Structures are given as C-alpha cells and as structure tokens.
There are 2 protein chains.
Amino acid sequence: MSDTPERLEVWCAGEEWCPITTTATLIGKKWHPVIVHRLLESGPSGFNELKTNVDGISSKVLSDSLDDLQEKGIVERTVVNEQPFRVRYSLTSRGTSLEPVILSMAEWGEQHLKAPEDPDSGVR
Amino acid sequence: MSDTPERLEVWCAGEEWCPITTTATLIGKKWHPVIVHRLLESGPSGFNELKTNVDGISSKVLSDSLDDLQEKGIVERTVVNEQPFRVRYSLTSRGTSLEPVILSMAEWGEQHLKAPEDPDSGVR
DNA sequence: CGGCATCCACATGGATACTG
DNA sequence: CAGTATCCATGTGGATGCCG
C-alpha cells in the first residue's frame, strides 16, 4: 500500500507516450537490473550484503543506484533499530512486478552468451 | 547465418559472469529498446522511417545507436542499389531473439504507467 | 556496518548545420 | 534520402578517503 512514494512521471522521449522508453528509464542503467535481480533472489538485504552480491559495484555507485531506485518507487529502505542498527533494502510491489522483465533479461543473457562451445549461442 | 559479425564478448560487471548485466549492456541504453521494438513491429526500415517512428530521436543519436546495435550483432544494415539508393535496417536473428525481453518491457510499461485513473496502476 | 564527500574520466545525448 | 561534423551539456561510473 504505502508503496509508491510519489506518483510516477511518465518518462518518454518524444511527445507520445511510450511504455518501452518508460521501462528503459527505470531499469536501463548499468546496475539497476542486477540490483533488482538480487533483491528478487535474496529478499531484503543490507547495504554490504548487496554490495557483495552485486559483483564489482562500488559503494558510491550502489548508493547512487539505490537512491535512484527509491525515487522511482522500486526499492524501499528500512532502518532497523537494533544495536548496531541495520538497514534493509527491499522491493516495493512495483519493484516486485518487474520480475518478468528481469527474468526475461536473465534468460536472454543465458541463452545467448552461455555455452561458448555452441556455434549458435552467440559466443563461440 | 552471417548473423553475428564478431563474437560477443561477455560483458559483465565483476569477475563472475552475469547474464543480466550482459543483457543490460546490450539494450540498457536510452534508445536501444525502442529502436529494436520498432524494427520488430515494422520490419526492415529506412533511416528516416526509423527516425519518424522513434519519436524524439535526433539524427545523430539514431546514427550512433544504430552503429552500436550493429557492432553488437543486433541490427543489420543493407544498402539497396536503386535510384535513389535506399538503406534498410533490420534485425539479425539475435536481434529478433530479443523480442520476449522487449515485449516484457512494453507490457510492464503499459501496466504500470497507463490508466492514470486506476489507483493500482502505479500512476495515480 | 552503512554509508557520504570529492574529484575525475569517459559515455551519452542534444542542437545545429551541412553534405553526397 | 541518409546520413556526417561540430560543439557542448549532462549523465554515469570509478577511485579514494573519511565518518557516525
């Protein structure tokens, strides 16, 4: 319910409304899809947990990306008051709804870049 | 057959192989998904035809994007020798295989940004 | 643990003009 | 028709260091 922090603006290139460009604006960044994928897989995660799971990302870029994903209502940040305190990043329902998109991206990547020995795989 | 101009390098963020980042590198640019979508919809298209269908893109950016997509084996450029000459951009088989990804992006965009009156649509 | 501050390099995109 | 040539503004990502 308290999902989308603000209303989503309709991002689009030209004047006409374009669902693809909209989606691309949301997840068409280098790290966004991977981050969402990890959150789908592992569920709510801490910052450093995420940093470990997203191989190769720096603290700053992870931080920037999470900020962006929060602005867009994909990711939610929760502070757990314990000693020491913890932070949980999780997907909003909008974020969870991206699962089919992320999975199709994963599937495509697997089918077309795996199996280096397969002449038809795209990577030989 | 003569589809993939060169072998695909395995783009990935860290050291481990990651299908999502790979896919994101291919189509995770502002205009790439739309261009591929238009080629899926309209079939082989000329430059200005594409420029018209991709609302808001400039010549330079379309040109750059098409170059990039060709490098990655997604798009193919064919010169038709007529008077005057024409150029056809079309999808390679690898490009065509992206259809599920593009369609899931389109579907997500439609479901989550359309229907401003629907409280559950993401845009209220 | 969970970041932010800085600084910097390069990529991406846009406007305008011009060409074969 | 199908681009290319500039120039410029902004975006995106990376390295390093510091902080509560």
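Side-chain atoms are counted along with the backbone in the values below, which use heavy atoms only and exclude waters and symmetry mates. Here is how names work: the chains are called A, B, and so on, in the same order as the sequence lines, proteins then strands, and each is numbered from 1. This one's a predicted model, so the numbers in the text were calculated from it and none came from an experiment.
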Separation of atom [atom1] in [X] from atom [atom2] in [N], rounded to whole Å:
X: A:Arg86; N: C:dG2; atom1: CZ; atom2: P; value: 8 Å
X: A:Arg88; N: C:dG2; atom1: CZ; atom2: P; value: 7 Å
X: B:Leu62; N: C:dG13; atom1: CG; atom2: P; value: 12 Å
X: A:Glu82; N: D:dG20; atom1: CD; atom2: C1'; value: 18 Å
X: B:Glu71; N: C:dT12; atom1: CD; atom2: C1'; value: 14 Å
X: B:Glu49; N: D:dA2; atom1: CD; atom2: C1'; value: 13 Å
X: B:Asn81; N: D:dC1; atom1: CG; atom2: P; value: 18 Å
X: A:Lys51; N: D:dA15; atom1: NZ; atom2: P; value: 10 Å

Distance below 4.0 Å between A:Arg77 side-chain N/O and C:dG3 OP1 or OP2: yes
Residue-phosphate contact under 4.0 Å: B:Tyr89 side-chain N/O, D:dG3 OP1/OP2: yes
Distances under 3.5 Å only, N/O to N/O: pair up the protein atoms with those of nucleotides 8-14 of chain D.
from   : atom 1 : to      : atom 2 : distance (Å)
D:dT12 : OP1    : A:Lys29 : NZ     : 3.3
D:dG13 : OP1    : A:Lys30 : N      : 3.1
D:dG13 : N7     : A:Lys60 : NZ     : 3.1
D:dG13 : O6     : A:Lys60 : NZ     : 3.3
D:dG14 : OP1    : A:Lys30 : NZ     : 3.1
D:dG14 : OP2    : A:Trp31 : NE1    : 3.2
D:dG14 : O6     : A:Lys60 : NZ     : 2.7

Residue pair A:Tyr89 / A:Leu69, side-chain heavy-atom distance below 4.5 Å: no
Separation between [atom1] of [X] and [atom2] of [Y], rounded to the nearest 0.5 Å:
X: A:Thr22; Y: A:Ile27; atom1: OG1; atom2: CD1; result: 11.5 Å
X: B:Ile35; Y: A:Ile20; atom1: CD1; atom2: CD1; result: 11.0 Å
X: A:His37; Y: A:Asn53; atom1: NE2; atom2: CG; result: 11.0 Å

Cluster overlap B:Leu50 with B:Leu40, hydrophobic side-chain contacts below 4.5 Å: yes
Contacts of B:Arg88 that satisfy side chain to side chain donor-acceptor pair (under 3.5 Å) - sequence neighbours left out: none
Proximity to the side chain of A:Ser63 - top-ranked nucleotide from D:dA2, C:dC4, C:dG3: C:dC4
Comparing B:Asp68 and B:Phe85 on DNA chain C - which has the more 5′ nearest nucleotide: B:Asp68
Pair B:Leu66-B:Arg77, side-chain contact (heavy atoms from CB on, under 4.5 Å): steps then yes or no: CA-CA 9 Å; B:Leu66 286 170; B:Arg77 196 187 106 122; over 6 Å; no
